[in-house]
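Below, chains carry the letters A, B, ... as their sequence lines are ordered, and counting in each starts from 1.
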2 protein chains.
Amino acid sequence: MMAPKNTIQQQLQIVAQCSLFCDLAPADLTAVLQTATHRHYTSGSFIFNQEDKANTFYVLLAGSVRMTQITPEGHQIIVHFFTPGHGVGIIAALGNFNYPLTAEAVEDCDLLVWNRELMNHLMEKYPKLAINAAKMLAVRFNELQDRYRELATERVERRVARTLLRLTKQAGKKMKDGILIDMPLSRRDLAEMTGTTIYSVSRIISKWEQDGLVKTRREQMTICSPHGLVTIAEDLPPVKPAN
Amino acid sequence: MMAPKNTIQQQLQIVAQCSLFCDLAPADLTAVLQTATHRHYTSGSFIFNQEDKANTFYVLLAGSVRMTQITPEGHQIIVHFFTPGHGVGIIAALGNFNYPLTAEAVEDCDLLVWNRELMNHLMEKYPKLAINAAKMLAVRFNELQDRYRELATERVERRVARTLLRLTKQAGKKMKDGILIDMPLSRRDLAEMTGTTIYSVSRIISKWEQDGLVKTRREQMTICSPHGLVTIAEDLPPVKPAN
DNA sequence: CGCGTTCTTGACTAGAATCAATGCATGTGG
DNA sequence: CCACATGCATTGATTCTAGTCAAGAACGCG
């Protein structure tokens with residue numbers, strides 16, 4: 001519907017860097033890309049829903065995507081935020097089951113789209129593609145495992161600190177008063193990312209704001225002292241000289 | 001060193017069913033298997049250690065393997081138990097980083113072994129292999145994600161119930177007085193699998209034992225009423241008629 | 001300007017961790 | 001075969017983190 005944010009040129013660059021396509025012979029890469037179609041999602045729209053049949057395979061070119069999962073009891077958790085260059089829905093499409101989670105565009109998004117079977121054929125034809133997919137999955141698996149360990153062994157405050165630090169890496173934008181997390185980010189989001197409640201998050205953030213570590217507005221967050229957050233995330237003693 | 005528990009014949013059967021090798025042309029399968037070597041680990045020995053360089057790739061033929069991870073603070077968590085037919089160390093070997101966890105033989109084990117680079121070549125030659133690896137990873141990823149969600153949203157008792165139910169599926173052996181979990185399983189193991197402490201586990205198990213749901217000995221566990229555990233795991237009301 | 005969100009804060013509670021003491025098995029060596 | 005050491009398991013008392021509930025403030029939007 002709308003024109004994509006970036007030019008085709010720029011998008012190709014993003015794709016070529018994307019770990020799914022790296023190391024692919026240039027000719028093969030263009031062949032693979034020619035089989036893709038292109039879709040735009042406006043902010044707030046859903047790319048797919050939990051329990052949908054997974055027969056599509058996406059690569060995010062522009063925008064950001066929030067992956068959530070909702071339990072039978074109605075608890076929602078946020079599993080991942082995707083930024084450009086990452087594959088979306090790959091796991092479900094590989095495994096040929098239903099999407100275990102919902103993908104929502106939190107900003108306007110451009111995505112490359114493949115049909116599941118088509119991608120399977122491509123992988124048989126270009127083994128590198130399958131190997132890359134597996135590697136990408138391996139990396140994501142490790143990230144998830146780390147977060148699992150954190151959840152199992154760490155306090156809420158540390159988990160929130162870690163999550164914010166991760167977000168600065170993913171979507172941080174340097175401003176004069178600190179690093180802005182450049183996407184809408186509510187207390188609820190943070191709570192659902194760290195496995196806690198909005199109340200606990202609010203208390204923690206309030207305290208940090210008093211200590212000058214962060215500045216917040218509604219659904220927005222600036223990290224003034226990344227180092228201070230690291231101190232909390234790593235459970236180092238605060239800046240007192242005495243130990 | 002020692003003769004394997006099963007005959008080569010039996011092992012081939014296991015391997016052929018293993019999701020890593022299924023759908024492979026029989027000729028290709030034998031070709032792939034011929035490149036593997038074979039190793040035996042005695043109970044209690046370590047297959048690899050956290051932080052080792054990951055250049056080996058295993059498939060478990062017999063025995064069981066416990067995967068643990070230890071945090072800088074010294075908290076240990078159990079990430080997975082492997083039973084025959086599963087790939088061990090695959091993720092790290094794919095991603096070409098260090099093993100993020102330790103693999104320990106909890107019983108005598110037989111494994112097939114490949115060198116990392118060799119497996120990479122094999123995958124380029126037999127794309128099906130790479131696709132299967134990716135699919136296998138996708139399945140494990142989903143399992144991990146489920147457990148992550150449980151950890152984030154559920155109480156300890158439910159998590160312990162779920163874990164025991166999973167173990168009955170993985171290593172359950174039908175006995176006359178219930179389903180025996182056929183591997184050494186201490187309170188500590190359960191605590192590290194569910195993200196809690198041995199004290200909480202002990203209290204919960206004691207209560208269940210009083211209610212006749214389970215029977216325990218040292219490092220051993222029999223589930224007398226799987227249904228009762230399901231009731232707890234799903235948070236259904238107990239067997240009272242009134243709601 | 002009124003409405004719906006989002007966010008904050010306080011009071012209270014409960015689930016689970018921690019600490020400490022003790023009881024049991026199991027295996028060891030005199 | 002018994003005394004002992006060791007590791008595993010239980011239980012009670014206590015503490016504390018974080019969840020729950022409730023009320024209201026601040027913000028943004030139509």
Side-chain angles (χ1 to χ4, degrees), chain A residues 43-44 66 71 73-78 104 106 149-164 181 183-211 213-222 232 235, chain B residues 43-44 66 71 73-78 104 106 149-164 181 183-211 213-222 232 235:
Chain A
S43 173
R66 175 169 55 202
T71 69
E73 278 93 14
H75 286 112
Q76 183 169 260
I77 63 162
I78 295 181
E104 181 187 0
V106 286
R149 195 201 51 228
E150 287 169 18
L151 199 52
T153 62
E154 294 178 3
R155 305 259 135 104
V156 171
E157 190 177 13
R158 286 182 80 172
R159 304 205 304 264
V160 176
R162 278 190 202 280
T163 302
L164 277 181
I181 291 172
M183 57 165 72
L185 183 71
S186 68
R187 298 289 183 273
R188 172 165 299 277
D189 289 333
L190 272 174
E192 288 175 359
M193 272 188 271
T194 49
T196 179
T197 62
I198 51 169
Y199 312 107
S200 296
V201 170
S202 184
R203 284 180 233 276
I204 288 166
I205 302 288
S206 294
K207 200 185 68 183
W208 288 351
E209 194 150 22
Q210 277 178 17
D211 297 351
L213 295 176
V214 300
K215 278 183 195 168
T216 66
R217 293 190 202 181
R218 163 180 276 233
E219 302 203 312
Q220 189 178 309
M221 188 116 217
T222 308
I232 292 165
D235 204 20
Chain B
S43 174
R66 174 168 55 200
T71 70
E73 278 92 14
H75 286 112
Q76 183 168 263
I77 63 162
I78 294 180
E104 182 187 359
V106 285
R149 197 201 49 230
E150 287 169 19
L151 200 52
T153 62
E154 294 178 3
R155 305 260 135 105
V156 171
E157 190 178 11
R158 284 181 81 172
R159 304 205 304 265
V160 176
R162 279 191 201 280
T163 302
L164 276 183
I181 291 173
M183 57 166 70
L185 182 73
S186 67
R187 299 290 182 271
R188 173 166 298 279
D189 289 333
L190 272 174
E192 288 174 0
M193 273 189 269
T194 49
T196 180
T197 62
I198 51 168
Y199 312 107
S200 296
V201 169
S202 186
R203 283 180 233 278
I204 288 166
I205 301 287
S206 294
K207 199 184 69 182
W208 288 351
E209 193 151 20
Q210 277 177 17
D211 297 352
L213 296 177
V214 299
K215 278 184 196 169
T216 66
R217 296 195 197 177
R218 158 181 279 230
E219 301 202 312
Q220 188 178 311
M221 189 118 217
T222 308
I232 293 165
D235 205 17

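Judged by closest nucleotide on DNA chain C, A:Arg188 is the one of B:Glu157 and A:Arg188 placed further toward the 5' end.
Computed from coordinates, the A:His75 NE2 to D:dT20 C1' distance equals 11 Å when rounded to whole Å. Atom CG of A:Leu190 and atom P of C:dT6 are 14 Å apart (whole Å). B:Glu154 places its CD atom 15 Å from the P atom of C:dG15, with the value rounded to the nearest Å. For the pair A:Ile204 CD1 and D:dA18 C1', the computed distance is 9 Å after rounding to whole Å. Per the geometry, CD1 belonging to A:Ile205 stands 16 Å off P belonging to C:dT6, to the nearest Å. Summarising the geometry, the separation between CD on B:Glu192 and P on D:dA9 is reported as 12 Å, rounded to the nearest angstrom. Residue B:Ile198 contributes atom CD1, which lies 11 Å from atom C1' of D:dG7 at whole-angstrom precision. Between A:Gln220 atom CD and D:dG28 atom C1' the separation is 13 Å, expressed in whole Å.
Looking at the side chain of A:Arg155, the nearest of the listed nucleotides C:dC19, C:dC7, D:dA18 is D:dA18. Taking the side chain of B:Tyr199 as heavy atoms from C-beta on, and the options C:dA20, C:dC7, C:dT8, the nearest nucleotide is C:dA20. Minimum atom distance to the side chain of A:Ser206 is reached by C:dT8, of the listed D:dA9, C:dT8, C:dG4.
Not one side-chain nitrogen or oxygen of B:Arg218 sits closer than 4.0 Å to the OP1 or OP2 atom of D:dG7. Within the structure, every side-chain polar atom (N or O) of A:Ser186 is placed at least 4.0 Å from both OP1 and OP2 of C:dT6. The shortest distance between the side-chain N/O atoms of B:Ser200 and the OP1/OP2 oxygens of C:dA17 is below 4.0 Å. The side chain of A:Thr197 places no N or O atom within less than 4.0 Å of a non-bridging phosphate oxygen (OP1 or OP2) of D:dA18. In terms of phosphate contacts, B:Thr196 brings a side-chain nitrogen or oxygen within less than 4.0 Å of OP1 or OP2 of C:dA17.
Using a 4.0 Å cut-off between charged nitrogen and carboxylate oxygen, B:Glu73 and A:Arg158 count as a salt-bridge pair. With respect to the salt-bridge test (charged N to carboxylate O, under 4.0 angstrom), the residues B:Glu154 and B:Arg159 do not qualify.
No hydrogens or angles were tested; on distance alone, a donor-acceptor pair under 3.5 Å links the side chain of A:Arg203 to the base of C:dG10.
With B:Asp189 contributing its side chain and B:Ser186 its backbone, the two residues share a donor-acceptor pair below 3.5 Å.
Residues meeting the side-chain contact (heavy atoms from CB on, under 4.5 Å) test with A:Ser202, sequence neighbours left out: A:Ser206.
Looking at B:Lys207, B:Arg203, B:Arg162 one by one, the single match for side-chain hydrogen bond (donor to acceptor under 3.5 Å, both in side chains) with B:Glu157 turns out to be B:Lys207.
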